[in-house]
Amino acid sequence: DVTYGIIVNGLVKQGKVADGVRVLVSMEERGHHPNEFVYSALVSGLFNEGNSEGAMKLWQEMMEKGFKPNTVVYSTLIDGLCRIGKPEEAKKVLSEMVSEGCMPNAFTYSSLMRGFFEKGNGEKAILEWKEMEKNGCTPNEICYSVLIHGLCLDGKLKEGLMVWKHMLGRGCKPDVVAYSSIIHGLCNAGFVEGGLRLLNEMLCQGSESQPDTVTYNILFNGLCKHNNISRAIDLLNSMLDRGCDPD
RNA sequence: GAAAAGGUA
């Protein structure tokens, strides 16, 4: 069964999702039962290639067989539904998984929060955050990034900064994506200087928090939009000095 | 020993 999981995942990663589904059929013909690894690989593969109908059909067949999905398989469906703009349906799936005794984790909540933010429903995203905390699920740096990014896109930089401080206060180390998200929020609100200050802070942190090309691009964009081309050139030079490649 | 989530136009 591990063999089938590895093969199906390999096919999916190469964009051969239909072949992955064929493997599922043939393993059943041989009397093997597909497990969580096979199902999550196929569900995410089908959603990623835009075949949400296929994913839902597979899900239905899986449930009809009496298969009990675990947290990863449920989270994969929730993420897929959010990616096609259906966070409300994803929320229903979350309720189902809880009633089946399956606990949502940071993956589950970050997908759902992002789905609500993308629908312009920041209120519901924040409700999910509260739900997560109530359920004793500790947010990781990805959950914080989703929340900060969503708040900043809603023009709520102040709230984003509060969350940022909260993250630091709880000892959660912001990684490069979390830093980039808050820097983006600062730049878009016109506080490019604040963004540059955070960049300097990043340079003093560990390897997980070193700025990358995206971080620099965010700052270049902020500087150029505010007619600060010369500072952008200085920044480009320091970027190159650090051995970071522009794209 | 295999599967799922976040940042730049």
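Naming convention: chains lettered A, B, ... in sequence-line order (proteins, then strands); numbering from 1 in each chain. The figures that follow rest on heavy atoms only: side chains count, while hydrogens, waters and symmetry mates do not.
Taking only side-chain atoms of A/Val214, from C-beta outward, the nucleotide of B/A2, B/U8, B/A5 with the closest atom is B/U8. The side chain of A/Val177 has B/G6 as its nearest neighbour among B/G6, B/A3, B/U8. With distances taken from any side-chain atom of A/Thr215 to the nucleotides B/G7, B/A4, B/G6, the minimum falls on B/G7. Ranking B/A2, B/G7, B/A4 by closeness to the A/Val176 side chain, first place goes to B/G7. Closest to the A/Val2 side chain, of the nucleotides B/A9, B/A4, B/G1, is B/G1.
A salt bridge between A/Lys65 and A/Glu28 is present, with a side-chain N of the basic residue lying under 4.0 Å from a carboxylate O of the acidic one. Between A/Arg114 and A/Glu118 there is a salt bridge, with a side-chain nitrogen of the basic residue lying less than 4.0 Å from a carboxylate oxygen of the acidic one. Salt-bridge formation is detected for the pair A/Glu61/A/Lys57: a Lys NZ or Arg NE/NH1/NH2 atom is positioned less than 4.0 Å from an Asp or Glu carboxylate oxygen.
A/His184 has its NE2 atom 14 Å from the C1' atom of B/G6, to the nearest Å. Rounded to whole angstrom, the span from the CZ atom of A/Phe37 across to the P atom of B/A2 amounts to 7 Å. The interatomic distance linking A/Leu219 (CG) with B/U8 (P) rounds to 13 Å, in whole Å. Rounded to a whole Å, the CD1 atom of A/Ile7 is 15 Å from the P atom of B/A2. In this entry the distance linking CE of A/Met202 with P of B/G7 reads 15 Å, nearest Å. Here the P atom of nucleotide B/A9 and the NZ atom of A/Lys225 are 7 Å apart, to the nearest Å. Taking atom OH on A/Tyr179 and atom P on B/U8, their separation rounds to 19 Å, with Å as the unit. Atom CG in A/Asp247 sits about 13 Å away from atom P in B/U8, given to the nearest Å.
Closest approach of A/Glu100 to A/Lys68, counting heavy atoms only: OE1-NZ, 3.9 Å. Scanning all heavy atoms of the two residues, the minimum distance from A/Val12 to A/Gly45 falls at CG1-CA, 3.6 Å.
A side-chain contact (heavy atoms from CB on, under 4.5 Å) with A/Ser40 is found for one member of A/Asn70, A/Asn35, A/Asn9, A/Val73 and no other, namely A/Val73.
With hydrogens and angles ignored, a donor-acceptor pair closer than 3.5 Å exists between the side chain of A/Asn35 and the base of B/A2. Interface remark: the A/Asn9 side chain does not form any donor-acceptor pair with the B/A4 base, using a distance-only criterion of under 3.5 Å.
Counting heavy atoms from C-beta on, the side chains of A/Arg83 and A/Phe47 never come closer than 4.5 Å. The closest side-chain heavy-atom distance from A/Val146 to A/Cys143 is not below 4.5 Å. A heavy-atom distance below 4.5 Å is not found between the side chains of A/Glu131 and A/Leu127.
Among the atoms of the strands shown, only primed sugar atoms or phosphate atoms (P, OP1, OP2) are found under 4.0 Å from some heavy atom of A/Thr76. Contacts of A/Asn188 with the nucleic acid, taken as non-hydrogen atoms under 4.0 Å apart, are absent. No engagement by A/Thr213 is indicated, since no non-hydrogen atom pair under 4.0 Å with the nucleic acid exists. Within 4.0 Å (heavy atoms only), A/Ser181 reaches sugar-phosphate atoms of the nucleic acid but no base atom. Nucleic acid contact class of A/Val72 (heavy atoms, under 4.0 Å, all strands): base.
Taking a 4.0 Å limit (strictly below) on heavy-atom distances, residues 104-122 of chain A reaches RNA chain B at A/Asn105, A/Ala106, A/Phe107, A/Ser110, A/Ser111, A/Arg114. Within residues 40-47 of chain A, the residues having any heavy atom closer than 4.0 Å to RNA chain B are, in order of number, A/Ser40, A/Ala41.
Sorted by first and then second residue, the pairs that involve residues 144-176 of chain A and meet ring pair (Phe, Tyr, Trp, His ring centres under 6.0 Å), not counting sequence neighbours, are A/Trp129-A/Tyr144, A/Trp164-A/Tyr179.
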